[in-house]
Chemist: 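Sending over a structure as structure tokens; questions will come in a sec.
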Amino acid sequence: MSSLYDDSYYTAKKVDLDKRAIEILRENSWGDYTLPTKGLYPYQWNWDSMFVALGFSEIDLDRAWTEVESLFQGQWKNGMAAHIVFRKDSPTYFPGPKVWGGTHEVPTSGCSQPPVAATIVRDLYEKDPKLGKQRLTELFPRLMRWHRWFHTMRVISGGAAIAVTHPWESGRDNSPDWDDALAAVDPTGVTPYKRKDLGHVDAAMRPTDAEYDRYIKLVEYGRDCGWDHAHITREGPFAVADPGITFILMRADRDLQALAKYLDKESAVHEIDTWLYRSRIAADYLWNDEINAYAARNLRTGQHADGVSSVGFLSYYAGITKPKRDAKLQKTLSRILKAAPYSVPSFDPEHPKFDSRRYWRGPTWAIVNYLIARGLEEYGFEEKASRIRLDTRKVIQDSGFYEYFDPITGEGSGGNHFTWTAAIWLAWASPMTDGCQR
Ligand code: DGY
């Protein structure tokens with residue numbers, strides 16, 4: 001009998017899944033941008049779109065660049081690349097552009113999302129520098145302005161870790177990482193609204209109503225202060241240092257610096273040096289010795305999250321290593337991989353707050369797996385990187401291209417025919433990519 005780790009295990013389904021992944025990218029592609037999935041997410045989402053660009057780069061490099069360019073139509077004058085770019089008002093989603101009340105010429109939301117773009121732009125460029133040179137030259141200043149926005153608008157004086165001021169900014173909406181800070185947000189007086197997400201997905205897989213009231217209240221707070229991001233970070237009702245964005249930005253800074261060198265942008269190289277110089281301070285701030293992992297930290301109270309989120313393992317991807325700390329982190333990762341047959345769970349399966357089906361409180365996400373494994377591989381943890389890749393492959397083979405997966409049973413959850421899952425399949429998880437250098 002073939003086992004999960006034999007090539008023969010996958011042969012039967014291989015061709016169909018590659019074909020289906022391409023179809024999903026094409027079906028969800030609306031001209032120059034791509035929907036995460038129809039119905040549930042009918043617009044362009046920031047980090048979704050960048051993983052989609054990575055997927056497209058396997059089949060159509062020109063279309064991959066277009067995806068990145070279209071995202072930056074939603075970049076504000078202050079540099080922020082918004083988390084949602086609304087092209088038109090869709091009745092299947094709430095909250096739409098009117099609720100956000102932004103003033104940018106293309107309607108957008110008022111917060112950002114994990115900045116994977118520079119890393120993916122570097123991947124695209126290195127695939128074909130000749131094709132990418134002009135496009136990179138135009139995108140580069142936009143990427144610089146966005147990173148600068150994070151390093152100025154989302155850092156509280158003296159700190160270096162990046163804050164999120166809305167759980168949606170982290171991309172990990174209902175992670176237990178936000179529980180304490182979100183509980184302190186008073187939802188009184190929130191404008192009555194009707195959730196649309198529950199018309200698409202089982203409520204047991206989505207955030208609760210109590211969380212939604214606070215999400216909307218935070219949107220109203222930002223809108224009412226005219227999206228003054230410096231004020232929101234300094235004094236708003238919610239500010240938590242996020243290991244996800246902090247590590248993703250560190251990595252993206254390094255990749256942006258490599259791009260600056262390709263373009264001979266010397267002053268940009270120096271500016272990025274000043275960002276990178278502070279990365280160790282950020283990592284020290286996030287390390288939680290009680291749980292042996294990097295963890296979110298409420299910037300209003302200094303309180304650490306008490307559970308392990310999968311994004312805490314992105315330190316390698318970020319380029320952060322410290323031998324004694326890493327030994328502890330590796331032990332934590334081994335424990336979690338052992339507990340979850342379809343790893344990596346977004347939250348520690350041995351923690352009381354773990355919920356195997358509820359969005360970011362337990363399920364496994366292909367995109368996070370890709371980032372974690374990429375970092376682990378770069379630092380020589382090949383066995384774990386390979387385990388994570390094969391788990392991603394198996395869960396997609398067993399369940400299809402779902403938004404996320406139960407880490408214990410492998411069952412698909414959330415939206416189906418999901419573009420970023422298809423993209424990660426094409427770029428990394430499919431047997432077709434075996435032997436490719438990432
Ligand atoms: C949603 O609407 O669920 C999104 O995660 C917000 O970005």
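First listed ligand is number 1; within each ligand, the first listed atom is number 1.
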Chemist: As an exercise, identify every atom of ligand 1 less than 4.0 angstrom from a heavy atom of His83.
Modeler: 6 (C), 7 (O)
Chemist: Any atoms of ligand 1 less than 4.0 Å from a non-hydrogen atom of Trp168? List them with their elements.
Modeler: 6 (C)
Chemist: Test the Arg20-Phe401 pair against the cation-pi criterion, namely NZ or CZ under 6.0 angstrom from the six-membered ring centroid and within 45° of the ring axis.
Modeler: no
Chemist: Could you tell me whether ligand 1 has any atom less than 4.0 Å away from a heavy atom of Phe94?
Modeler: no
Chemist: Quick one: does ligand 1 sit under 4.0 Å from the side chain of Trp47, the backbone, both or neither, non-hydrogen atoms only?
Modeler: neither
Chemist: Does NZ or CZ of Arg195 fall inside the cone over Tyr212's six-membered ring, less than 6.0 Å from its centre and within 45° of the axis?
Modeler: yes
Chemist: Can you sort out which atoms of ligand 1 are near Asp173, meaning under 4.0 Å from one of its heavy atoms?
Modeler: 1 (C), 3 (O), 4 (C), 5 (O), 6 (C)
Chemist: Taking ring pair (Phe, Tyr, Trp, His ring centres under 6.0 Å) as the definition, give me every residue that meets it alongside Trp65, ordered by chain and number, with sequence neighbours left out.
Modeler: none
Chemist: Taking both backbone and side-chain atoms of Tyr93, is any N or O found less than 3.5 Å from an N or O belonging to ligand 1?
Modeler: yes
Chemist: Using 30° and 60° as the class limits, which term best fits the ring planes of Tyr316 and Tyr379: parallel, tilted or perpendicular?
Modeler: tilted
Chemist: Quick check on Tyr215 - does any of its heavy atoms sit under 4.0 Å from an atom of ligand 1?
Modeler: no
Chemist: Could you walk me through whether Lys353 and Asp306 pass the salt bridge (Lys or Arg N to Asp or Glu O under 4.0 Å) check?
Modeler: CA-CA 10 Å; Lys353 284 184 174 173; Asp306 69 350; 5.1 Å; no
Chemist: Considering only heavy atoms, does His166 approach ligand 1 within less than 4.0 Å through its side chain, its backbone, both, or neither?
Modeler: neither
Chemist: Taking Arg154 first and then Asp242, would you say they form a salt bridge - that is, a charged N and a carboxylate O separated by under 4.0 Å?
Modeler: no
Chemist: Do any nitrogen or oxygen atoms of Arg206 come within less than 3.5 Å of a nitrogen or oxygen of ligand 1?
Modeler: yes
Chemist: For Pro95, enumerate each residue passing the side chain to side chain contact (heavy atoms under 4.5 Å, CB included) test, keeping only those at least two apart in sequence or located in another chain.
Modeler: Tyr93, Val99, Trp100, Trp168, Ile216
Chemist: Please confirm whether Tyr359 approaches ligand 1 to less than 4.0 Å, judged on its heavy atoms.
Modeler: yes
